[in-house]
Amino acid sequence: MDPTRQLIDQVLLEIGIAAYVTGALVLFGYFLTRRPVLRTLGIPLAALGAVAQFAELGARWWMTGVWPLTNLYGSLSLFSACAVTIFLVFAYRYQMDFIGGPVLALAAIALGYATTWNEGYMPAVPALQSYWIKIHVPIVITAYASFMVAFCLSVVYLFKAAVDVRYRARRITMRVAAAGGPSAGFDINAYTAQPRLEGSMRTDTPALAEAAEHGDATAAWILSLPSLARLDVLTYRVVAVGLPLLSLGIITGAMWAKEAWGAYWQWDPKETAALVSWIIYAGYMHMHTRAEWRGTRSAWISVIGFASIVFCYLGVNIWISGLHSYKM
């Protein structure tokens, strides 16, 4: 390839990595300090990284005539760009800037790892030279990216819920009988030893609310995150984007398999792993309709689901021999 075109490709890749790393640091700073200026700087960096990645993939296709998603490098590059794009869309619609740090950090790690699989500009093997690759792969990768964003939300949910449990365990309940009057019930916070009448604040993290009310800075910071109910709903909405895409990806993959290998389904390790992931997220969507399964249980299902996605996406393709192995 022309050295100038190679330089363009390299520059766009470096811009993407630099934007993600810098943006992750800035948005982690926003997560910790809640300074609006950091959000104002971090969101454009996230957008710059995604644009640079899409441009790099497009430039590869234009310069070589080879579809860029035929290897793990192109696949992971698209995964990073799609995850950041989904984050940006939801951040704009639902004020989800607070998870920008984790999302961009994972995107930077994925893109950095992708560079170790950069095979240059080699044409695809015959089995991948099909129009289905331009349909199936982007759909599946976008589904994976959605689940990564949902995973980040679930981790924040579990973090906030766990801290509230810790604060609740440190509360000391006392019953004091007022002299010459009825008894009054109130809690003493172990951090502040200041009483608060029960029922003075309604929240789904009451122990954090109590501690923040009495001046605990750590509790006030954690309480500034969205409520557990909102985090749960946001996770559900992101999964509701990913699951239909994964379903469509499995269907298009089956159609491609029929054309390439003569059968819609062969219980290849990749197919089986994708089916397991689909069952987990379908279970998440179903169980979320039950009130007793919303919240912590749903968050754990989301975390387990993303672990299954990582295994399906990387574990199967790299470490297990099969029709989808990148080692082939």
What heavy-atom pair brings Ala114 and Leu76 nearest, and what distance separates the two atoms?
CB-CB, 3.6 Å
Atom CE of Met287 with >12 non-hydrogen neighbours under 6.0 angstrom
yes
Does the side chain of Val239 come within less than 4.5 Å of Ser146's, by heavy atoms?
no
All heavy atoms of Tyr264 vs all of Ala254, minimum pair found to be CD2-O, 3.3 Å
Taking Thr22 for the side chain and Ala19 for the main chain, is one N or O donor matched with an acceptor at less than 3.5 Å?
no
Can you label the angle between the Phe147 ring and the Tyr281 ring as parallel, tilted or perpendicular, going by 30° and 60°?
parallel
Cluster overlap Val156 with Tyr94, hydrophobic side-chain contacts below 4.5 Å:
yes
Please name the pair of heavy atoms, one in Asp204 and one in Pro206, separated by the smallest distance, quoted to 0.1 Å.
C-CD, 3.5 Å
Between Asp164 and Arg168, does at least one N-O distance fall below 4.0 Å, as a salt bridge requires?
yes
Could you check whether any side-chain N or O of Ser298 sits under 3.5 Å from a backbone N or O of Trp293, counting only pairs where one atom can act as donor and the other as acceptor?
yes
I need the minimum non-hydrogen distance between Gln53 and Ala81, along with the two atoms involved.
OE1-N, 3.3 Å
If two hydrophobic side chains count as joined below 4.5 Å and joins carry through other members, does Val310 share a cluster with Ile99?
yes
Checking ring-ring contact (aromatic ring centres under 6.0 Å, His included) against Phe79, which of Tyr73, Tyr313, Tyr144 comes through?
Tyr313
If we ignore hydrogens and angles and just use 3.5 Å, is the side chain of Lys160 paired with the main-chain N or O of Pro226 as donor and acceptor?
yes
Over all atoms of both residues, closest heavy-atom pair of Gln266 and Glu271:
N-OE1, 2.9 Å
Nearest 0.5 Å, please: how far is CD in Gln10 from CD1 in Ile15?
10.5 Å
Do other residues, nucleotides or ligands put more than 12 heavy atoms under 6.0 Å from Arg297 CZ?
yes
Determine whether Leu57 and Ile8 fall in the same hydrophobic cluster, where Ile, Leu, Val, Met, Phe, Trp and Tyr are linked whenever their side-chain heavy atoms lie under 4.5 Å apart.
no
Assess, by modelled atom type and distance only, whether the side chains of Trp132 and Thr252 contain a donor and an acceptor separated by less than 3.5 Å.
no
Do Phe151 and Val103 come close enough that some side-chain heavy atom pair is under 4.5 Å?
no
Given Tyr167, which of Thr218, Asp216, Thr205 fulfils the side-chain hydrogen bond (donor to acceptor under 3.5 Å, both in side chains) condition?
Asp216
Any side-chain heavy atom of Phe306 sitting closer than 4.5 Å to one from Ile280?
no
When clusters are formed by joining ILVMFWY residues with side-chain heavy atoms under 4.5 Å apart, either directly or through shared neighbours, do Tyr113 and Val137 land in the same one?
yes
Quick check for you: to the nearest 0.5 Å, what is the distance between Phe159 atom CZ and Leu231 atom CG?
11.5 Å
Those residues at least two apart in sequence (or on a different chain) that pass side-chain contact (heavy atoms from CB on, under 4.5 Å) with Thr296 are Tyr157, Leu158, Ala161, Trp300
Using modelled atom types only, decide if a donor and an acceptor are shared between the side chain of Thr289 and the backbone of Met285 within a distance under 3.5 Å.
no
Determine, using the 4.5 Å side-chain heavy-atom cutoff (strictly less than), whether Tyr20 and Leu12 are members of one ILVMFWY cluster.
no
Between Met148 and Ala107, the two heavy atoms sitting closest are CE-N, 4.2 Å
